[in-house]
Novice: 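Dropping a structure here in structure tokens format, bear with me for questions.
Note on naming: letters A, B, ... go to the chains in the order of the sequence lines (proteins, then strands), and numbering restarts at 1 for each one. Because the structure is predicted, anything quoted here is derived from the model rather than measured.
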Amino acid sequence: MAAVLLLFAVPVFVGSLFQKNVDHYLKGIIFQWVSGQLFLWACFQLICVPMILLEMSFRYVIIWYSAVLALSVLAAAFLAFRGRRKAVSLSLIKGADRRQSVLLWLIFWAVLGFQLVQAVRMTYRDGDDAFYVAISSITQDALTMYRKQPYTGFGTELDARHGLAPFPIWIAYLAEITGIRAVTVAHVVVPVALIAMTYGIFYLLGRFLLRGKREPLPLFLIFTELLVLFGDYSFYTAENFMIARSRQGKAALGSIVIPVLLLLLLVLLRQLQEGEKILVKYYVLLAAANITGCLCSTMGAMLCCLLVGIAGACGAIAFKRWKILIPMAVCCLPDVCYAVLYLILD
Amino acid sequence: MWNIVTELFREYMGTGLIVILYLISLAYLWVREQRKYARILLVIVPVILLLLFFNPLFARGLYHLVGDEIYYRILWLLPITVTTAYAAATLYGRLTGRRKTVFALAAAAGIVVSGSFIYKNPFFQRAENLYHVPDSVVHICDAILEPGREVQAAFPLELVQYVRQYEPTICMPFGREMTVERWNRWAGLPDEMEKEVIDLSRLAPLAKEEGCHYIILPEEKEVIGKTSEYNWEVFLRTDGYVIYRDRDFDLKY
């Protein structure tokens with residue numbers, strides 16, 4: 001129950017902060033969930049990394065991040081009350097087109113259900129878990145962060161390089177708050193949430209790209225499911241990571257952060273094309289996605305910057321809106337800072 | 001550098017059929033996609049990324065920074081799944097009548113035939129419990145853990161990667177680093193433990209040197225030597241393993 005609250009209810013509530021004036025095709029509970037979680041992940045990264053580098057106890061991360069979580073919920077509640085807005089929008093349900101092919105939607109839900117059941121029922125033997133999951137377990141048990149060798153348990157100097165991408169510490173936080181062992185949170189709880197969220201992002205991408213054409217949407221989603229389920233043609237694909245190693249930050253980078261960046265950049269370029277004003281909170285989300293990339297993997301900083309940089313430059317050239325490059329560069333600043341830290345500490 | 005990068009791309013492509021489907025989708029969107037913003041993100045940006053990926057100068061610089069093991073992740077920026085699914089859904093939307101169904105089934109079959117079903121991967125197994133580690137690890141760890149303190153135990157290589165995921169208070173003289181061939185850290189104690197026949201006169205001193213309270217060996221392994229000579233005792237037999245306890249090391253503070 002606490003896991004559902006932390007991984008779904010709270011992000012959805014916090015995500016209502018980003019709901020106003022959002023693109024019509026993104027409006028709804030799924031966008032709230034994704035944007036709220038991105039914002040919270042970014043907060044976690046900003047709180048956690050300095051504490052890791054200062055070799056502080058995990059207790060402080062728990063206290064400070066919980067405080068930020070509570071403040072975010074309060075802010076969302078306040079805005080909802082002030083604007084008499086519903087904090088949780090159910091437009092997805094209300095807007096459901098009855099003419100959509102019920103069969104295709106049923107197939108989509110059945111295949112998604114299958115994947116979620118498999119995430120609990122099956123396990124993927126991956127050696128990297130001995131590092132990442134062990135770090136979560138150590139953190140929950142010893143309240144130290146990156147100061148014990150995960151393979152053996154011996155004390156060591158601070159592993160600052162890995163500490164720059166503390167996704168395992170986020171898992172330890174979930175474990176500590178929910179009272180579930182970190183190993184179960186990592187192998188069962190997180191995969192179920194993240195796989196579902198990935199399809200939520202695909203849903204948003206489908207809705208945005210197909211713009212109102214409701215009929216092909218379930219088919220789009222079924223194709224994404226097939227491409228994921230049959231994505232084991234190589235060991236290296238993001239689809240393989242998404243299903244097989246969903247508890248690792250790099251999987252979240254490939255299957256959540258990069259698709260979300262793609263979605264946000266699509267929105268940005270569309271607004272540039274239409275000559276619309278781009279709201280500050282949109283940039284907040286873009287920056288949050290970039291920071292989340294750093295939380296997931298040390299490579300995340302570089303990948304996010306690369307994607308935002310190329311897309312931003314293309315947009316600026318294509319729509320002759322050069323000024324857009326400044327806020328986009330600002331959104332990438334945290335990545336640059338983490339990348340510089342990585343190079344210094346490596 | 002060119003060879004390394006092309007080899008990485010080949011490995012990423014696997015059989016190459018899904019990437020061919022992606023390239024067809026890319027070409028389709030190049031021709032049919034009217035909206036500039038969608039063309040930029042789904043067609044132009046991926047092409048630039050591919051040019052960068054294969055650019056020897058870019059590759060050399062980045063390779064130097066991030067290492068050879070993760071350079072391929074640039075390819076994650078190619079929205080293969082979204083683009084292929086979007087192109088198929090768009091084409092489906094343009095068709096009418098029975099053609100729609102035929103196309104949807106053919107496209108789905110194309111993906112199924114081109115890809116490889118992820119749950120057929122040999123690394124996937126039925127989870128034995130909600131911890132997703134083998135039951136044997138759970139039982140051994142629960143048996144040897146000592147509340148309020150850490151315990152040192154040497155495990156067979158097939159178990160080392162799971163132990164500290166499940167129970168971080170159990171320390172090990174060697175861990176997963178021994179199972180990765182390319183790290184080449186094979187040495188002393190694990191070497192003795194992995195032998196077909198265990199010679200206690202060689203294993204016990206090495207285990208004592210590492211301060212092991214417990215040594216876990218597969219039950220089917222032949223053991224030469226008397227455990228009592230080394231102050232060892234059989235602590236427990238469980239799940240096909242024998243747990244030896246070294247009484248030279250006190251567990252009480």
Novice: For each of B/A38, B/C171, B/P79, tally heavy-atom pairs with chain A at distances under 4.5 Å, and name the one with the top tally.
Specialist: B/C171
Novice: If you count heavy-atom pairs under 4.5 Å with chain B, which of A/D141, A/V133, A/L269, A/T152 comes out on top?
Specialist: A/T152
Novice: Between OG1 of B/T84 and CG of A/L227, what distance do you get to the nearest 0.5 Å?
Specialist: 5.5 Å
Novice: Shorter than 4.5 Å, heavy atoms on both sides: which option in B/A85, B/P173, B/S116 has the most such pairs with chain A?
Specialist: B/S116
Novice: Where do A/R125 and B/P122 come nearest, in terms of heavy atoms and distance?
Specialist: NH2-O, 4.1 Å
Novice: Run the side-chain donor-acceptor check on residues 252-268 of chain A: report pairs under 3.5 Å with partners two or more places apart or on a different chain.
Specialist:
| from | atom 1 | to | atom 2 | distance (Å) |
| --- | --- | --- | --- | --- |
| A/S255 | OG | A/A251 | O | 2.7 |

Novice: So which residue, A/L307, A/T298, A/T237, ends up with the most heavy-atom pairs under 4.5 Å with chain B?
Specialist: A/T237
Novice: If only atom types and distance count, is the side chain of A/T184 paired as donor or acceptor with the main-chain N or O of B/L130 below 3.5 Å?
Specialist: yes
Novice: So, taking the atom named CD in A/Q118 and the one named CZ in B/R126, what distance separates them when rounded to the nearest 0.5 Å?
Specialist: 9.0 Å
Novice: Inspect the surroundings of CZ in B/F123 and state if more than 12 heavy atoms from other residues, nucleotides or ligands are less than 6.0 Å away.
Specialist: no
Novice: Kindly write out the residues that satisfy side chain to side chain contact (heavy atoms under 4.5 Å, CB included) with B/C141, not counting sequence neighbours, or none if the list is empty.
Specialist: B/V137, B/F155, B/V163, B/Y166, B/E167, B/I170
Novice: Which pair of non-hydrogen atoms, one from A/M122 and one from B/F124, has the smallest distance, and what is that distance?
Specialist: CB-CD2, 3.9 Å
Novice: Output the option from A/F319, A/Y342, A/Y132, A/F235 having the highest count of non-hydrogen pairs under 4.5 Å with chain B.
Specialist: A/F319
Novice: Measure B/Q152 against the heavy atoms of chain A and call it side chain, backbone, both or neither at under 4.5 Å.
Specialist: side chain
Novice: Rounded at 0.5 Å granularity, tell me how far OH in B/Y92 sits from CD1 in A/I222.
Specialist: 8.5 Å
Novice: Under the side chain to side chain contact (heavy atoms under 4.5 Å, CB included) criterion, do A/K250 and B/W76 qualify, and how do the steps go?
Specialist: CA-CA 11 Å; A/K250 47 200 171 191; B/W76 284 2; 4.2 Å; yes
Novice: Could B/K100 and A/E215 be called an ion pair, given the rule that one side-chain N must be under 4.0 Å from one carboxylate O?
Specialist: yes
Novice: Identify which of B/L21, B/N129, B/L62 forms the greatest number of heavy-atom pairs closer than 4.5 Å to chain A.
Specialist: B/L62
Novice: With the side chain counted from C-beta on, respond yes when A/Y124 and B/Y119 share a heavy-atom pair under 4.5 Å apart, and no when they do not.
Specialist: no
Novice: Would you check if B/K120 and A/D232 make a side-chain contact, meaning some heavy-atom pair closer than 4.5 Å?
Specialist: no
Novice: Considering non-hydrogen atoms only, spot the tightest contact between A/V120 and B/A127 and give its length.
Specialist: O-CB, 4.1 Å
Novice: Considering only heavy atoms, which portion of B/Y22 lies under 4.5 Å from any heavy atom of chain A: side chain, backbone, both, or neither?
Specialist: neither
Novice: Taking the six-membered ring of B/Y131, is NZ or CZ of A/R181 closer than 6.0 Å to its centre and within 45° of its axis?
Specialist: yes
Novice: For each of A/F223, A/F230, A/F154, A/F241, tally heavy-atom pairs with chain B at distances under 4.5 Å, and name the one with the top tally.
Specialist: A/F230
Novice: When only pairs under 4.5 Å are counted, which of A/T224, A/L221, A/L209, A/I243 shares the most heavy-atom pairs with chain B?
Specialist: A/L209
Novice: Take A/L306 and B/L52, measure what side chain to side chain contact (heavy atoms under 4.5 Å, CB included) needs, and give me the verdict at the end.
Specialist: CA-CA 10 Å; A/L306 194 63; B/L52 276 178; 4.1 Å; yes
Novice: Which residues in residues 10-19 of chain B have a heavy atom less than 4.5 Å from any heavy atom of chain A?
Specialist: B/E11, B/Y12, B/M13, B/G14, B/T15, B/I18
Novice: Quick one: does A/K148's side chain get under 4.5 Å of B/E150's, heavy atoms only?
Specialist: yes
Novice: Quick one: list whatever passes side chain to side chain contact (heavy atoms under 4.5 Å, CB included) with A/T178, sequence neighbours left out.
Specialist: A/A2, A/A3, A/L6, A/I180, A/V185
Novice: Check B/R176 with A/D128, please: is the shortest side-chain N to carboxylate O separation under 4.0 Å?
Specialist: yes
Novice: Are B/V112 and A/L229 side-chain neighbours, meaning at least one heavy-atom pair lies under 4.5 Å?
Specialist: no
Novice: Which atom pair, heavy atoms only, marks the closest approach of A/P216 to B/G93?
Specialist: CG-CA, 4.3 Å
Novice: Please confirm whether the backbone N or O of A/V183 pairs with a side-chain atom of B/Q165, one donor and one acceptor, at under 3.5 Å?
Specialist: no
Novice: Could you walk me through whether A/L272 and B/Y37 satisfy the side chain to side chain contact (heavy atoms under 4.5 Å, CB included) test, starting with their C-alpha distance in whole Å, then the side-chain angles of each, then the deciding distance to 0.1 Å, before giving a yes or no?
Specialist: CA-CA 8 Å; A/L272 284 180; B/Y37 64 89; over 6 Å; no
Novice: Side chain, backbone, both or neither: which part of A/L343 has a heavy atom under 4.5 Å from chain B?
Specialist: side chain
Novice: Determine whether more than 12 heavy atoms belonging to other residues, nucleotides or ligands lie under 6.0 Å from atom CZ of B/R99.
Specialist: no
Novice: Which bit of B/A107 is near chain A, if near means a heavy-atom gap under 4.5 Å: side chain, backbone, both or neither?
Specialist: both
Novice: Would you mind telling me which of B/Q161, B/M172, B/E128, B/Q125 has the largest number of heavy-atom pairs within less than 4.5 Å of chain A?
Specialist: B/Q125
Novice: Identify the two heavy atoms, one from A/S297 and one from B/R73, that lie closest to each other, and give their separation to 0.1 Å.
Specialist: OG-NH1, 3.9 Å
Novice: Between atom CG of A/L205 and atom OH of B/Y86, what is the distance when rounded to the nearest 0.5 Å?
Specialist: 11.0 Å
Novice: Restricting to non-hydrogen atoms, name the atom on B/I74 and the atom on A/L303 that form the minimum distance, rounded to 0.1 Å.
Specialist: CA-CD2, 3.7 Å
Novice: Would B/I44 and A/I310 count as a side chain to side chain contact (heavy atoms under 4.5 Å, CB included) if you check the C-alpha gap in whole Å, the side-chain angles of each, and the deciding distance to 0.1 Å?
Specialist: CA-CA 10 Å; B/I44 295 170; A/I310 294 173; over 6 Å; no
Novice: For the CZ atom of A/R270 and the NZ atom of B/K36, what is their distance to the nearest 0.5 Å?
Specialist: 15.0 Å
